[in-house]
Amino acid sequence: MLLQGNLSAPNGTSSDPAMFFLMGIPGLEALHLWISIPFCLMFTMALLGNCTLLYAIKTEPSLHKPMFSFLSMLAVIDLVLSSTTVLKILSIFWFNSREISFNACLVQMFFLHSFSTLESTLLLAMAFNRYVAICKPLKYVTILTNSVTGKMGLAALARAVLPVIPLPFLLRRLPYCRSHVISHCYCEHMAVVKLACADTRFNNIYGIIVTVFIVRLDLMFISLSYVKILRAVLSLASKEEQLKAFSTCGSHLCAIFVIYTPVVLSSTIHRFGCHVTPHVHILLANFYLLFPPMMNPIVYSVKTKQIHDRVLLLFLGKSF
């Protein structure tokens, strides 16, 4: 077959590849068409859910508040993350279109890692929003104005993008004289680094630094915020007040659980699952890109009354 010829071609000695070849899910190639069905359904639900959420927030003046501005940013991030990768994954599953140019691979990798980092940073900003709302309710309106929310969004974007900018340049300077076949569904930093035939210690160390000092630091501060929130809630006099305070955090806590669970599972398997087959790692990586974008709009539509009512109004044409 022509594809087999293409896949064998990259095993030459070119140090500056014009093309990489994505394998999809190694070991499950025969099931690609069946796997594409849940992938396509989850991607479609993510697109519809996040677009509906953005439209509901934009068209309802009562939702033009900091909390919902952060939620709009999260919806945009989910749309970018899923679209950047899933469209190529589906083209592999449906049309066996495994080729991706070196430059397109670097662009995909940049958007993947920068927006994954941005999602983590935004969850931290949303945790701060909940902390101020519950622990300093009288100062909430003066602390979190629309202007401050916008500046926080820009700061989160800069914090996510700037550390990732060096990655494509670091990869471009490496020679690729081994196979140009990437055993993955998309261009992920370490999957590309493994193809280089040079010393990649700096790339490995830089990737670890970005992961530890951004994503894990975010998770630590999110946990600290909720410790303070828990103390403030438990100090409230009545059970009714406590439940009301907890309910305002419910959707955000669900989003944290939905986003971080696949990350923790994948990290645990990488470290302790020495005998776990490669396709399990790749399926988990894809799960991270598909499950949170699909679930976040559902969680916020169910848990947040204002959004729930607005979405029902959009679809059913009457208020509730």
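The first residue in the sequence is number 1, and the count goes up from there. As a basis for the values below, the full set of heavy atoms in this structure was taken, side chains included, without hydrogen atoms, waters or symmetry mates.
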message = Treating Arg98 as the side-chain partner and Met23 as the backbone partner, does any N or O pair qualify as donor plus acceptor under 3.5 Å?
response =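 Pair found, side chain donor or acceptor close to backbone of Met23.
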
Practice problem: Measure from the side-chain N and O atoms of Ser101 to the backbone N and O of Ala104, and report whether any donor-acceptor pair falls under 3.5 Å. | Solution: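 Side chain of Ser101 to backbone of Ala104: a pair is present.
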
Taking ring-ring contact (aromatic ring centres under 6.0 Å, His included) as the definition, give me every residue that meets it alongside [X], ordered by chain and number, with sequence neighbours left out.
| X | value |
| --- | --- |
| Phe115 | Phe111 |
| Phe221 | none |
| His184 | Tyr186 |

Give every residue pair that meets the salt bridge (Lys or Arg N to Asp or Glu O under 4.0 Å) criterion with at least one member in [range], sequence neighbours excluded.
| range | result |
| --- | --- |
| residues 179-203 | Asp199-Arg201 |
| residues 49-62 | Glu60-Arg310 |
| residues 102-131 | none |
| residues 63-92 | none |

*Mind checking side-chain contact (heavy atoms from CB on, under 4.5 Å) for Leu138 and listing every partner two or more places apart, or none if nothing turns up?*
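By the side-chain contact (heavy atoms from CB on, under 4.5 Å) rule, Leu138 matches no residue at all.
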
Using side-chain hydrogen bond (donor to acceptor under 3.5 Å, both in side chains) as the criterion, list what pairs up with Asn204, not counting sequence neighbours.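 Checked Asn204 against side-chain hydrogen bond (donor to acceptor under 3.5 Å, both in side chains); zero matches.
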
Item to complete: Mind checking side-chain hydrogen bond (donor to acceptor under 3.5 Å, both in side chains) for Ser120 and listing every partner two or more places apart, or none if nothing turns up?
Response: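 Only Asp218, Tyr260 meet the side-chain hydrogen bond (donor to acceptor under 3.5 Å, both in side chains) criterion with Ser120.
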
Only counting residues at least two apart or in another chain, list the ones meeting disulfide bond (SG atoms under 2.5 Å apart) with Cys197.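 If we apply the disulfide bond (SG atoms under 2.5 Å apart) test to Cys197, skipping adjacent residues, the hits are Cys177.
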
_For Leu22, run the side-chain contact (heavy atoms from CB on, under 4.5 Å) check against Ser91, Cys187, Cys185 and tell me which one passes._
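It is Cys187; the other options fail the test.
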
Of Thr59, Ile57, Thr52, which meets side-chain contact (heavy atoms from CB on, under 4.5 Å) against Tyr55?
->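 Per the side-chain contact (heavy atoms from CB on, under 4.5 Å) rule, the option paired with Tyr55 is Thr59, out of Thr59, Ile57, Thr52.
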
Are Leu174 and Ile165 connected, step by step, through hydrophobic side chains (Ile, Leu, Val, Met, Phe, Trp, Tyr) whose heavy atoms are closer than 4.5 Å?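 Looking at the clustering, Ile165 is in the same group as Leu174.
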
ask   = Can the ring centres of Tyr131 and Tyr226 be said to be less than 6.0 Å apart?
value =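 Distance test on ring centres: not under 6.0 Å, no.
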
- Task: Quick one: which residue pairs count as a ring-ring contact (aromatic ring centres under 6.0 Å, His included) with a foot in residues 70-93, not counting sequence neighbours?
- Result: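 Matches after skipping sequence neighbours: His32-Phe93, Phe39-Phe93.
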
